[in-house]
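Order of listing sets the numbers, starting from 1, for every ligand and every atom in it. Small disclaimer: the values here were computed from a predicted structure and weren't measured.
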Amino acid sequence: MAQRYKLFIGGEFRDSTTGEIFDDINPATLENLATIQIAGSKDVDRAVEAAEAGFKVWSKIPAPKRAEVLFRAARILQERKEELAVLMTEEMGKVLPETRGDVQEAIDITNYAAGEGRQMLGETTTSELKEKFCMTILRPIGVVGLITPWNFPIAIPAWKIMPALITGNAIVFKPASDTPLLAHKLVEVLIEAGLSPGVINLVTGPGGTVGKAIVQHPRINAISFTGSLDTGKWIMEECSKTMKRVSLELGGKNPVIVMDDADLELALEGVLWGAFGTAGQRCTATSRLILHEKIKDEFIKRLLAKTKALSVGNGILPETDIGPVINKAQLEKIERYVRIGKEEGATLLFGGNRIDPGLPGYFFEPTIFTDVKPKMRIAQEEIFGPVLGILTVSNLEEAIEVANNTKYGLSSAIYTGNIGNAFRAIEKIEAGITYVNAPTIGAEVHLPFGGVKGTGNGFREAGTEAVKEFSEIKAVYIDYSGRLQKAQIDSAE
Ligand code: UN1
C-alpha cells in the first residue's frame, strides 16, 4: 500500500481536519506513489499560528547562524541527491539527468542563500544635515505563503524557501498536488538540518481551496507564487484586499532566433534541448523558433532528422530523451493545441499525437509546426508541452518584432556569429533573460530569474534579488547633533 503522508505543522506531522486524501501518481506508470492529505482552512489557520510562533524564534537568530541550518540542508541534499532524483522522476516524469539537475539547483540556491547570511547588505549614505547618519537595513516580512509548481518539484520550492529562511521569515508552504512527495522530502531535509519548529509548515491540497486559504489569509504577509498567468492575476487581485506583498513568476512563450550567420549545429542542439527537454514543461521552454529565411530549409531538415531520433518513454531509463507529461489534463491540453494549430493553418511537420511506449502513462510525441504566423494562438499561448512552432523572418529587426509579439517575456535566445546582432537582441528583446548562443533554459541560481509583461509583476527570484523578494527595507536616520535639525528646512552650511 502507498505510504500515507500527513501535513507538517508546528514541527509535527499532523492529520488534516478534512479527513480527505488524494493520490500521488507516477505519470509514466500510473502507479500510486503515496497518499497525501488534503488540508482544510482550519489547517491553514493552524499553520499560520505555528508560523507566527516559529517567526518569533527564527527572526531573532542572527543570519549567519540561520545560515548554518541552510549549509547543513545543502549537505543533506547533496548526500541524498540520487535518491531524491529517482523519486522525482517517478513523481513527475522528467528524465533522470534532469531530475538530478533539479536537485542540484536546490543545492545551489541553498548554498547561495546560506552565503547571504553573511551579506544581506544595506546601504550607508550621506545626509543633507550635519552630524546625521543614514543607512538602510533589511527586516524579515513575517509569515510568507509559498505556492509552487510541479515542473521543478524541489528547485523552485528551494528558490523560495531558502531565501525566505535566510532573511528570517517563517513559511506556510503549499506545493503542487502533482508533486507533494518531493515537497515532503525537502521539508524532511530542513528538519534534519535543525530548523526550529514552526518555521516551515507544509499544507497539501488543491490550489482552489488550500492555495486560496493561504492567499486570503489576513495574517500571511506575503505570497510568492510560480504558476499560470490566470492564477497569478487572481492572486494579485486577492492580495490587494489584504495589502500583501506578492511576487509572481508566470508563464513564458520563449523565442529562439536563429540568424543566417549562426553556427547551425550549435543552434540545433540548443533548440532541441530548449523545446523538448522536460517535455517542454518549463516556463523557460523554447516554444517559438524564429528562423532567418536564408537558413530556414536547411535548419528544418536537420531539426526534423534529430527530432525523429528522440526517444519518448519512462524517464528512469537511460535511453529515454523525453519522459511523460505530468497528467491527463495536461496531455489533453497539448492535444487541444495541436488541433488549434492545424485549424489555424499551421503545417504539422512532425508529431502531434499521444504515443505508447508500452506504459499506460501520459506520453506525447515531440511536435513541430511550421508556417506559424505571429498572431496564431499556438504562437501566443503557453502550451507547456513538447510543441515547437516555427516562424520565418527576413532580418533581425523582424525577428525581434516577432519575438516581442507576445504577452509574456521570460526567456529568449539568439544564435548568431555577429556581435552586433547579439547586442541588438540583448537590448531589444522584451524578456527577463536573454541567452546568446545558448538555449532558453538553464538559468543559474546566482542571477536574477523572472520576466517582464505577463510573466510577472516586476519581482525577480534567486540571485541578488532573492534577499529583496523576502525582506522589508527600512531607512534609518541617526541624528547625533543633539539638536532638532529639520530636513528640507535647515540648511547645512
Ligand atoms: C521554470 O520552468 O519555472 O532556467 C524554472 C531553467 C531552470 C529553471 C526553470 N533553471 O530552465
Side-chain angles (χ1 to χ4, degrees), residues 77 85 88 92-95 97-113 146-163 175-176 178-179 182-183 186 224-229 231-232 247-256 269-288 322-323 325-326 330 382-388 408-413 431-457 459-463 465-466 469:
L77 285 169
M88 193 186 300
M92 80 62 79
K94 63 186 173 184
V95 295
E98 290 190 34
T99 52
R100 289 187 188 118
D102 194 314
V103 181
Q104 187 57 49
E105 201 162 340
I107 296 167
D108 294 343
I109 190 70
T110 306
N111 278 320
Y112 181 84
L146 309 181
I147 304 176
T148 58
W150 46 262
N151 64 335
F152 278 80
I154 204 159
I156 294 183
W159 280 8
K160 298 186 192 297
I161 289 171
M162 304 308 171
D178 286 301
T179 52
L182 261 295
L186 183 57
S224 177
F225 169 76
T226 299
S228 74
L229 177 57
T231 307
S247 58
L248 302 171
E249 288 301 342
L250 309 172
K253 194 70 195 169
N254 313 293
V256 169
E269 296 297 335
V271 168
L272 276 180
W273 175 227
F276 303 132
T278 327
Q281 303 172 111
R282 294 196 191 207
C283 308
T284 50
T286 303
S287 56
R288 294 178 299 146
I322 305 177
V325 300
I326 190 69
Q330 196 54 34
E382 188 178 47
I383 302 172
F384 228 64
V387 181
L388 178 69
Y408 295 108
L410 180 53
S411 189
S412 58
I433 306 170
T434 295
Y435 291 91
V436 177
N437 294 333
T440 56
I441 66 177
E444 301 177 33
V445 304
H446 55 296
L447 277 86
F449 182 92
V452 303
K453 303 197 282 190
T455 291
N457 61 338
F459 277 93
R460 295 288 184 273
E461 297 201 280
E465 297 297 301
E469 187 189 356

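- Residue contacts with ligand 1, taken as heavy atom pairs separated by less than 4.0 Å, involve Glu105 solely via side-chain atoms from C-beta onward.
- Polar contact check, Gln281 against ligand 1: no nitrogen or oxygen pair lies under 3.5 Å apart.
- Closest heavy-atom approach to atom 11 (O) of ligand 1 within the set Leu447, Thr284, Val445, Ile433: this belongs to Thr284.
- A ring-centre distance under 6.0 Å is not found for Phe459 and Trp159.
- Atom 7 (C) of ligand 1 has as its closest protein heavy atom Arg282 NH1, 3.6 Å.
- The shortest distance between side-chain heavy atoms of Phe152 and Arg282 falls below 4.5 Å.
- Counting only heavy atoms of the protein, atom 4 (O) of ligand 1 lies nearest to Ala443 N, 2.6 Å.
- Atom 9 (C) of ligand 1 has Phe152 CE1, 3.6 Å as its closest protein atom, hydrogens excluded (heavy atom only).
- With Asp102 contributing its side chain and Ala85 its backbone, the two residues share no donor-acceptor pair below 3.5 Å.
- Put simply, CD on Glu105 and CG on Leu77 are 12.5 Å apart, with the number rounded to the nearest 0.5 Å.
- Residue, atom and distance of the protein heavy atom nearest to atom 6 (C) of ligand 1 are Gly442 N, 3.2 Å.
- If you check which protein heavy atom lies closest to atom 3 (O) of ligand 1, you get Cys283 SG, 2.8 Å.
- Residue contacts with ligand 1 for Thr440 are absent, since no atom lies close enough (heavy atoms, distance under 4.0 Å).
- In this structure a side-chain-to-backbone donor-acceptor pair under 3.5 Å is present from Gln281 to Ile326.
- No hydrogens or angles considered: nothing links the side chains of Thr226 and Thr148 as a donor-acceptor pair under 3.5 Å.
- For Ser224 (side chain) and Leu146 (main-chain N/O), no donor-acceptor pair under 3.5 Å exists by modelled atom type.
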